[in-house]
There are 4 protein chains.
Amino acid sequence: MQQKEGEYMIILDYKDARPIYEQIVEKFKLLILKGILQKDEQMPSVRSLAVELAINPNTIQKAYMELERQGYIYTVKGRGNFVAENENLLDERREELKMRMFILYKEGKELGMTKADFIDCLRGFEE
Amino acid sequence: MQQKEGEYMIILDYKDARPIYEQIVEKFKLLILKGILQKDEQMPSVRSLAVELAINPNTIQKAYMELERQGYIYTVKGRGNFVAENENLLDERREELKMRMFILYKEGKELGMTKADFIDCLRGFEE
Amino acid sequence: MQQKEGEYMIILDYKDARPIYEQIVEKFKLLILKGILQKDEQMPSVRSLAVELAINPNTIQKAYMELERQGYIYTVKGRGNFVAENENLLDERREELKMRMFILYKEGKELGMTKADFIDCLRGFEE
Amino acid sequence: MQQKEGEYMIILDYKDARPIYEQIVEKFKLLILKGILQKDEQMPSVRSLAVELAINPNTIQKAYMELERQGYIYTVKGRGNFVAENENLLDERREELKMRMFILYKEGKELGMTKADFIDCLRGFEE
DNA sequence: GTGGTCTAGACCACA
DNA sequence: GTGGTCTAGACCACA
């Protein structure tokens, strides 16, 4: 069997509690941020992806709307969806992640952990 | 009007995306872990808390069920709900938090962050 | 026939080229900005409004999602949709309108109109 | 390579929400109203413009139909499209623009703005 | 009862 | 072919 060009593995996890459209959003965000999908590259069409994943086109629609809202793609009616500029997005994502780490840090302090405990924990992670 | 004993401010945030019962679970977990609610102390009754928070008793019921499932409280039929032993719980929570930090760490690596970036970020947090 | 309480006339115009959900969004934005719907007041439920307007609940859903995205309402799962704080919204709308007037102004200059022409035109409008 | 005569920069913005044919109509309307394209001058052929803009000839066709409908150009079968008389068009456009300003004005009044607010706003624009 | 998600499928404008 | 809107209706979690 041939590996079709542009087949970048979106795999759905039906055991995941999150809605399907959210999983799709998440997968594409990573593909875009990692540069696997590049600026102005065309996204798979709503219909073709729906067929490929064996789900309803409306669900893809919803995912793409969310991706557009978050600035990851832009839509050209009658033409398709395309990857947006993503330089700033990477920075935004890193900032967001730091915010989430700060929330975790505050939670940890509520549980009596010190900053040193956190750094030790981090050091213990695989490189 | 009297200030009732055991009034420890559970404040709901309706603008929070999380379900209400989850917020209640979270609040009580902290109250218990921080020792504000102590071993074998009685929890407010489902009904009284429902009135106090102006929400459906089913919601409190669901929160208490979840707290019991996670080992934070125990139920005595006909008597009420009581705070469980919480020595191990604190450790469990810390472990859980470390797991969540590990997930964050892996996400960050996907975005090109290094371990050093994380440690720098942590160092920047208020003591 | 009785005028039911809370019946605030959302009338759809099927001849309008804009999609129905957009019309609904627009109507509610005005009701909120004008203070007819007040902070924390409950919006009609997705289903009841769908029945009242004789359209599909999904369409209301979409309208409410958009209103939430724009900060006009907030959603509490299982409880309903509620009007958000709207102090800032009024200012934002006015700013947006000024921007649109600026675009119009630039268009007019392309057509050879002067600032005085514009002011004269404005003066001619009913008070 | 030669610089072809009649190359007057139609630039499409794919991120613009409006359909492409509408953008083309708009661009040509301005070129005609400003006199860059003059009475009886020949418009670029549907095919050549389609090639130049790398879009579907149907789209150009649709734009030209719309321009003809609005009286900006006329078609001679077998010969091509030509710029129409445009004296009246300029006035029509100005009238249309005043109408749009009136709509804006009414919207502003709904938001509590007065005529004086509008005039102040206008005065603030660059000359 | 309330909103959230999803399906199956229709019809439309635009390219 | 491509996305956008809408319907009719199902099933779910939450209150």
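Side-chain atoms are counted along with the backbone in the values below, which use heavy atoms only and exclude waters and symmetry mates. Each chain gets a letter, A, B and so on, in the order its sequence line appears, and its residues count up from 1.
Atom pair D:Glu66:CD and E:dA15:P shows a separation of 13 Å (rounding to whole Å applied). With rounding to whole Å, A:Arg47 atom CZ is found 7 Å from F:dG3 atom C1'. The interatomic distance linking A:Tyr14 (OH) with E:dT7 (C1') rounds to 11 Å, in whole Å. Atom CD1 in D:Ile24 sits roughly 10 Å away from atom C1' in E:dA15 (whole-Å rounding). F:dG1 atom P lies 17 Å from atom CG of A:Leu49, rounded to whole Å. A:Glu68 has its CD atom 17 Å from the P atom of F:dT2, to the nearest Å. Between C:Ile73 atom CD1 and E:dT2 atom C1' the separation is 13 Å, expressed in whole Å.
Atom CG in B:Leu89 sits 6.0 Å away from atom CG in B:Leu33 (nearest 0.5 Å).
Between E:dC6, F:dT5, E:dG4, one nucleotide has an atom nearer to the side chain of A:Pro19 than all others, and that is E:dC6. Closest to the side chain of A:Asn81, from the set E:dA15, E:dG4, F:dG3, is F:dG3. Nearest to the side chain of B:Asn56, among F:dA15, F:dA8, F:dC6, sits F:dA15.
Nucleic acid contact for C:Tyr64: none, since no nucleic acid atom lies under 4.0 Å from a heavy atom of the residue.
Put simply, A:Tyr21 has a side-chain N or O that comes within less than 4.0 Å of OP1 or OP2 on E:dT5. The side chain of A:Gln61 contributes an N or O atom lying less than 4.0 Å from OP1 or OP2 of F:dG4.
In terms of position on DNA chain F, the residue among A:Asn58 and A:Arg79 whose nearest nucleotide sits closer to the 5' end is A:Arg79. Between B:Lys62 and C:Ile20, it is C:Ile20 whose nearest contact on DNA chain F lies nearer the 5' terminus.
Between the side chain of C:Glu68 and the main chain of C:Asn81, no donor-acceptor pair closer than 3.5 Å is present. Remark: the backbone N or O of D:Glu22 is not paired with any side-chain donor or acceptor of D:Glu66 at under 3.5 angstrom.
In this model, a donor atom of one side chain and an acceptor atom of the other lie less than 3.5 Å apart for A:Asp40 and A:Tyr74.
In this entry E:dA8 has F:dT7 as its Watson-Crick or G-U wobble partner, both defining distances falling under 3.5 Å.
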